[in-house]
Structures are given as structure tokens and as C-alpha cells.
Number of protein chains: 2
Amino acid sequence: MIRYDLKHLATFVAVAEELNFHRAAERQNMAQPAVSRIVLELEDRLGVKLLERTTRKVRLTESGRYLLVEAQEILGRIHVAEHTTRLLASGTKAILRIGYTTITGHSLVPDITREFRLSNPDVRLELTYMTSPVQRDKILQDEIDLGFIEGSFQNSEIESRPVAHHRLTALLPLDHPLTAKKSLTIDDLAREQLVMGTRVEWPTLRRIIVDAFQSAGQVMKVGQEASSLTGLLGLVTAGVGITIFCGMPRFCGENAIAARPIVTNPPVLVETHLAWRRTSINMAKRRFIEVSQKVGASYMTP
Amino acid sequence: MIRYDLKHLATFVAVAEELNFHRAAERQNMAQPAVSRIVLELEDRLGVKLLERTTRKVRLTESGRYLLVEAQEILGRIHVAEHTTRLLASGTKAILRIGYTTITGHSLVPDITREFRLSNPDVRLELTYMTSPVQRDKILQDEIDLGFIEGSFQNSEIESRPVAHHRLTALLPLDHPLTAKKSLTIDDLAREQLVMGTRVEWPTLRRIIVDAFQSAGQVMKVGQEASSLTGLLGLVTAGVGITIFCGMPRFCGENAIAARPIVTNPPVLVETHLAWRRTSINMAKRRFIEVSQKVGASYMTP
DNA sequence: GGGCATTAAGACGAAATCGGTATCAATGAT
DNA sequence: ATCATTGATACCGATTTCGTCTTAATGCCC
């Protein structure tokens with residue numbers, strides 16, 4: 001598969017830059033015949049003449065000129081990759097792969113990442129949207145480092161901490177009669193056509209809401225489903241029905257949708273936990289957890 | 001300098017993708033202990049642990065995960081570079097490095113390249129602006145393949161063909177009294193303040209113009225100099241003076257500047273030649289020369 | 001809980017590779 | 001015409017590389 005290696009490329013670059021085998025050999029700390037052989041070997045393996053050489057002069061061919069530039073960049077890139085790898089190992093830089101859900105994604109996670117980036121510019125955050133059950137899998141399989149999940153995560157390998165909780169909120173069209181009330185009850189909502197997120201995308205929230213209706217001895221009427229928050233808000237704005245969510249999504253604006261808290265007894269809380277593998281904890285992760293708890297505290301209404 | 005080579009990277013990628021030393025060995029057509037050794041060597045030379053391995057399980061470290069992605073891309077890039085190098089050598093693809101001057105750059109070269117690209121999509125053109133004398137050097141030193149130069153180029157190693165010629169043109173502000181005449185003479189211009197390109201940027205054109213004045217027994221009065229065509233046109237538009245150029249630059253628009261032919265006896269022609277090294281001629285170059293002569297013909301007023 | 005299968009790593013010897021010295025052939029400068 | 005300098009070749013010793021055999025560790029299954 002690999003017919004030549006980095007020494008071939010580096011030696012070729014040296015010769016192509018110097019246009020002189022002796023000086024190139026010197027630069028590479030080799031004897032001149034070795035350089036000759038390496039370059040000949042490279043040409044042979046590529047099946048391409050890279051240098052036109054008389055005994056007095058060396059010139060690049062068109063292919064050689066192209067390969068010179070490529071090889072320079074490739075070698076440079078290898079150098080950078082090597083350096084970055086070392087920085088990552090030393091903890092100077094870090095990459096955190098983080099999962100988030102729709103509920104955490106619209107305000108909690110943005111707040112946390114903004115705060116975290118301020119004090120940790122050398123940590124790259126790779127944020128990926130996925131549902132809570134998927135996150136649990138990915139954490140176990142070590143495909144993400146941290147997960148913002150709905151509900152806790154009990155496992156010998158996993159640790160999780162509550163970072164925020166939300167109360168249920170009804171989001172309704174501005175012209176809906178129920179906007180007259182300051183807060184709503186399950187009984188209020190049971191009489192309405194609801195717009196709901198699909199079970200696939202909001203497995204945890206769906207379950208919590210269903211339970212809340214059950215506790216109140218009611219059944220919810222789902223008129224329409226959507227699989228994204230944008231879709232849900234669109235349907236509500238269009239007056240198709242009321243949806244039930246956590247808090248007020250920041251970006252939807254209060255000019256189209258009204259939010260009303262849903263009051264229940266006992267109160268229903270959607271708990272967001274931050275979860276990670278107990279092993280392979282490092283400084284960056286530790287600091288991220290710290291910031292998450294600090295920022296999350298403001299979401300912890302008593 | 002180079003502490004490891006492509007086999008290290010490729011083997012590491014195989015192990016990191018398979019997360020299994022045996023399967024990786026199989027994929028690389030090696031024995032398993034060899035794979036172990038290669039990876040250990042890579043880790044040793046980097047000074048970084050890339051894989052966490054028990055006797056039952058292999059997992060990437062953070063550094064390893066990063067290096068995996070980098071190494072995949074680097075190997076891919078090497079693959080592409082190798083392929084392209086071969087295509088260049090076979091003549092399937094080509095790169096032509098071409099020099100052009102201000103005079104040729106505003107209409108002739110754009111016309112030629114547009115035409116050439118239509119029939120030769122696999123040839124990349126690298127166009128670089130430089131004066132005619134610089135182009136002569138660069139052609140000799142094999143730093144460009146083809147040069148559009150003012151005047152011819154006589155040399156045993158170099159071949160050149162005329163592709164176009166221009167007559168001298170005066171460019172004057174629209175409100176200038178001389179715009180009343182259909183054509184101008186050197187005597188007309190000798191009475192005016194001229195705006196001229198610098199000797200550094202237009203060595204050939206400057207020389208031709210000076211000679212024309214000399215033949216008419218006149219001396220030109222240079223009021224202001226500029227080192228770019230844009231600068232010259234700006235000065236003319238501002239009414240600072242008249243400039244002498246070849247033809248009418250397309251992009252300057254006729255709403256601000258008037259062009260008048262300069263009549264002399266015998267007529268003064270600025271000849272543009274296309275020049276190249278006699279050796280190292282190839283198909284792409286041959287086709288480019290062909291197209292240049294075809295397109296240039298329309299610039300060859302008798 | 002013990003045996004078994006499977007994992008990665010170590011030891012060692014054969015083989016190939018690599019690199020340096022000495023040398024050659026070609027060519028441009030003097 | 002001569003000489004210095006260029007890149008290529010021959011050969012040999014040192015090193016590296018790789019495969020086979022083997023070991024140590026660990027999860028799995030009964």
C-alpha cells in the first residue's frame with residue numbers, strides 16, 4: 001500500500017529546494033549517494049520523473065514542482081499534528097465532546113459554553129445534538145465525554161450531577177383564550193388540542209408529560225406532532241394548538257407566542273443532569289463540570 | 001528530524017479504526033507483534049500515549065482520537081498528491097505558469113485565457129504579473145512556462161512568436177480641448193503636460209514613447225508619474241494630464257476618459273510576443289500557443 | 001469459581017534494508 | 001585541453017525490520 005515514506009518526501013523537498021544533491025545531503029545529514037538513491041527510489045515508486053538532472057544542473061519537472069509544494073504542505077501538516085498531539089497529551093489543549101438535547105440546547109448549554117470559553121480558550125468544544133438515551137450509550141462507548149441529559153444516569157462507570165431543572169410551561173398562540181390566565185393546570189390543557197414533540201426526539205419529556213396527565217387523571221389530546229423545536233413553535237404560531245415545553249425558548253420571541261407556567265401538585269420538574277465516565281476524567285472536564293454547575297445554579301428555581 | 005514514517009501513521013490508523021491489533025495486522029498484511037511494535041514505537045517517539053489497551057480492549061486516548069483524524073487526512077492527502085503527480089506526468093492534467101504585463105493584461109490575456117479554458121479544462125493556468133525584462137529572466141530560469149512580453153526575445157534557448165500589436169493611444173480627460181480632434185500627433189502631445197507610467201513598471205512602453213518623441217524632434221513633458229494603470233487612469237480622470245497607452249483599457253469606461261489614436265510616420269507599433277523555452281515544450285504549452293495566436297490575430301490590425 | 005479463549009506484548013533469529021566510502025562518468029569553467 | 005564539480009553506481013558492514021514462538025493478562029462461559 002505505502003510504497004515510500006516520509007524520508008523520501010523530506011529528502012525530495014530538500015533536493016528540490018536546494019536544486020543540488022550535495023547541499024541537500026548536508027541539510028539532511030546524509031551522504032550524497034544516499035540522497036541520490038532516495039530520490040531515484042521515489043521516482044521509481046511513483047513512476048514519475050521529478051527532477052531533470054545533468055551532471056551540472058538540477059531542474060524540477062512540472063510534476064516535481066507540483067509535488068514539491070504538496071510535500072512541503074504535507075510535512076508541515078504532520079509537524080503541526082505532532083505538536084498538537086503533544087499539547088493535547090500535556091493538557092495544554094483539550095477537546096471535549098459534549099452531547100446536548102433540545103431542552104438544554106436553547107439556553108442552558110449556550111450559557112455554559114459561553115462562560116466556559118471565556119476562561120478556557122484552549123479547550124475546543126464539540127457539541128453534538130442527541131437525545132438523552134443516545135447520550136447514555138455514547139458516554140458508555142466513550143464517543144462523547146460529557147452529556148447533558150434529561151433525568152439521572154445510575155451506573156457504576158458513570159457519574160452524573162444535576163445542573164438545572166425546568167418546570168413545565170405551556171406555549172400558546174397570543175390570541176388563545178387561555179392566555180388570559182397567569183398559570184395553567186393540567187385540567188385546562190386536557191380540554192385543548194395539543195401540539196407535541198415526537199416520542200423519538202423527546203423521549204424523556206414526553207414520558208414526564210404523559211405521567212403528569214395520568215397523575216391528574218387526564219389524557220392528553222395530541223392533534224399534531226413535530227420533530228424539531230422550530231417545527232413545534234411554527235405550529236403554535238400558526239394557531240394549530242398549544243405545546244408543552246420547559247421554560248421559554250429564548251429565540252422564539254414573545255411577539256408570537258405566550259408562555260404560561262403549568263401548576264401541578266406535587267410540582268413536576270424536568271431535571272437536567274450532566275453525566276460522564278468516572279474514568280478518564282481530566283482537568284478540562286473537571287473545569288467544564290464546575291462551570292456547568294455554577295451557571296446551572298441560576299436555573300435551579302427552588 | 002523525522003522520527004517516524006508513514007508506516008507508523010498508517011498502522012496506527014488501522015489499529016485506531018479497528019480497535020483491535022489482530023484485525024489491524026491483517027489489514028496491513030503484517031503479523032500482530034509487528035503492529036504492536038510499530039504503535040509502541042510511534043507512542044515512544046511522540047512521547048504520547050495514543051491508545052489505552054488492556055489485554056481485552058483497546059480505546060483511543062484524547063490525543064489518539066485527534067491524531068487519528070489528522071493521520072487519516074494526511075494519508076488521504078498524500079494519496080491525492082501521488083495521483084495528481086502521475087496525472088501531471090502523463091499529460092492528463094497540466095499547470096502552465098504564465099507571465100503578463102499591464103498592456104497585455106487588460107484585454108489580450110483575458111481573451112486568450114477565456115478561450116483556452118473552454119477547450120482545456122484540465123490545464124490550470126497560473127497567471128503572474130511582471131514586466132517584460134523580469135519575464136525574460138524568469139523564462140530563462142524556468143520559473144514561468146510562457147511569457148507575454150513587449151518586444152521580441154532572441155536567444156538560442158528561447159522561442160518567441162508575435163501574437164498581437166497595439167498602436168499608441170492618447171487617453172485624455174473628456175473635457176480636454178484635444179478631444180475635438182479625431183487623431184493626435186506627437187507635436188500635439190509635446191505641447192501638453194503628460195501623465196506617464198514609471199520606467200520601472202513600463203520599461204518597454206516608456207522606451208518606445210521616448211523614441212517616438214525623439215523621431216519627431218520633440219521632448220515630452222512629464223508632469224506626473226504613476227506605477228499602476230489604475231493610478232494613471234485616476235490622474236487622467238482628475239484632469240491632471242494626458243497619458244499615452246496602447247489601445248483602450250476595457251474597464252475604464254468611455255464615460256470619463258476619451259481615447260484618440262496617435263498618428264506617426266512611420267507608424268509606431270508596440271509588439272507583444274509570446275515567449276517560452278525551446279526545451280520542455282509539452283502538449284498543454286503547444287495548445288496554449290496555438291490559442292494565443294488565434295485570439296491574438298484579431299489584435300493584429302494591418 | 002475455574003478453565004478457556006482471546007488479547008497485546010516480549011524474545012530471538014533470519015532477512016532485508018539502509019547508509020557510508022570509494023569510485024565513476026559527464027560537463028562546464030578556465 | 002585540463003580540472004573541478006556534479007550526480008550516479010558498486011560494494012560492504014551495521015542496523016533495522018519482521019515473522020515465529022511464547023508469555024502474561026483478562027473477560028467470558030459453564
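All chains are named by letter (A, B, ...) in the order of the sequence lines, taking the proteins before the strands, and each is independently numbered beginning at 1. Every value quoted in this text rests on a predicted model; they were computed, and no experiment measured them.
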Report the end-to-end axis angle of the helix from C:dG1-D:dC30 to C:dT30-D:dA1; each axis comes from five terminal pairs, and the value is rounded to 10°. 30°
Counting only side-chain N and O atoms of B:His22, is one of them less than 4.0 Å from OP1 or OP2 of C:dA8? yes
With a sphere of 6.0 Å drawn around NZ of A:Lys93, does it hold more than 12 non-hydrogen atoms of other residues, nucleotides or ligands? no
Looking just at side-chain N and O atoms, do B:Glu150 and B:Thr272 make a donor-acceptor pair shorter than 3.5 Å? yes
Among D:dA8, D:dT17, C:dA9, which is the nearest nucleotide to the side chain of B:Glu41? D:dT17
Confirm from the modelled atom types if A:Arg37 and D:dG7 form a donor-acceptor pair under 3.5 Å, side chain to base only. no
Using a 4.0 Å heavy-atom cut-off across all strands, classify B:Ala31 as base, sugar-phosphate, or nothing. base
Check every atom of D:dG7, D:dC21, D:dA10 against the side chain of B:Pro33 and return the nucleotide holding the closest atom. D:dC21
Between C1' of D:dG7 and CD of A:Glu18, the distance in whole Å: 15 Å
Closest to side chain of A:Ala34, choosing from C:dG10, C:dG20, C:dA8: C:dG20
Below 4.0 angstrom, N of the basic side chain to O of the carboxylate: do B:Glu82 and B:Arg86 qualify? yes
Hey, would you say the A:Phe288 and A:Phe116 ring centroids sit under 6.0 Å apart? yes
Across the strands shown, which category fits B:Thr54 at heavy-atom distances under 4.0 angstrom: base, sugar-phosphate, nothing? sugar-phosphate
Base, sugar-phosphate, or nothing for B:Arg53, non-hydrogen atoms under 4.0 angstrom? sugar-phosphate
Modelled atom types, side-chain donor and acceptor of A:Gln72 and A:Glu17, under 3.5 Å: yes
Residue B:Ile38, side-chain heavy atoms: nucleotide from C:dG20, C:dT7, D:dC18 that is nearest: D:dC18
Could you check A:Glu159 against A:Arg277 for salt bridge (charged side-chain N to carboxylate O under 4.0 Å, His left out), going step by step and ending with a plain yes or no? CA-CA 6 Å; A:Glu159 197 165 334; A:Arg277 293 177 64 86; over 6 Å; no
Between A:Glu41 and A:Arg45, does a salt bridge (charged side-chain N to carboxylate O under 4.0 Å, His left out) hold up when you go through it step by step? CA-CA 6 Å; A:Glu41 224 169 75; A:Arg45 309 233 170 128; 3.3 Å; yes
Out of C:dA9, D:dT5, D:dG7, whichever nucleotide has its closest atom nearest the side chain of B:Gln32: C:dA9
Distance check needed: C:dA9 P versus B:Leu42 CG, whole Å only. 13 Å
For the residue pair A:Gln135 and A:Tyr100, confirm or rule out a side-chain donor-acceptor distance under 3.5 Å. no
So which of A:Leu42, A:Leu40, A:Leu60, A:Leu68 actually passes side chain to side chain contact (heavy atoms under 4.5 Å, CB included) with A:Leu50? A:Leu42
What are the atom names and distances for every N/O pair under 3.5 Å that joins the protein to nucleotides 1-3 of chain D?
none

Which nucleotide sits closest to the side chain of A:Lys7: D:dA8, C:dC18, C:dG10? C:dC18
Counting any heavy atom closer than 4.0 Å, what does A:Val35 reach on the DNA or RNA strands: base, sugar-phosphate only, or nothing? nothing
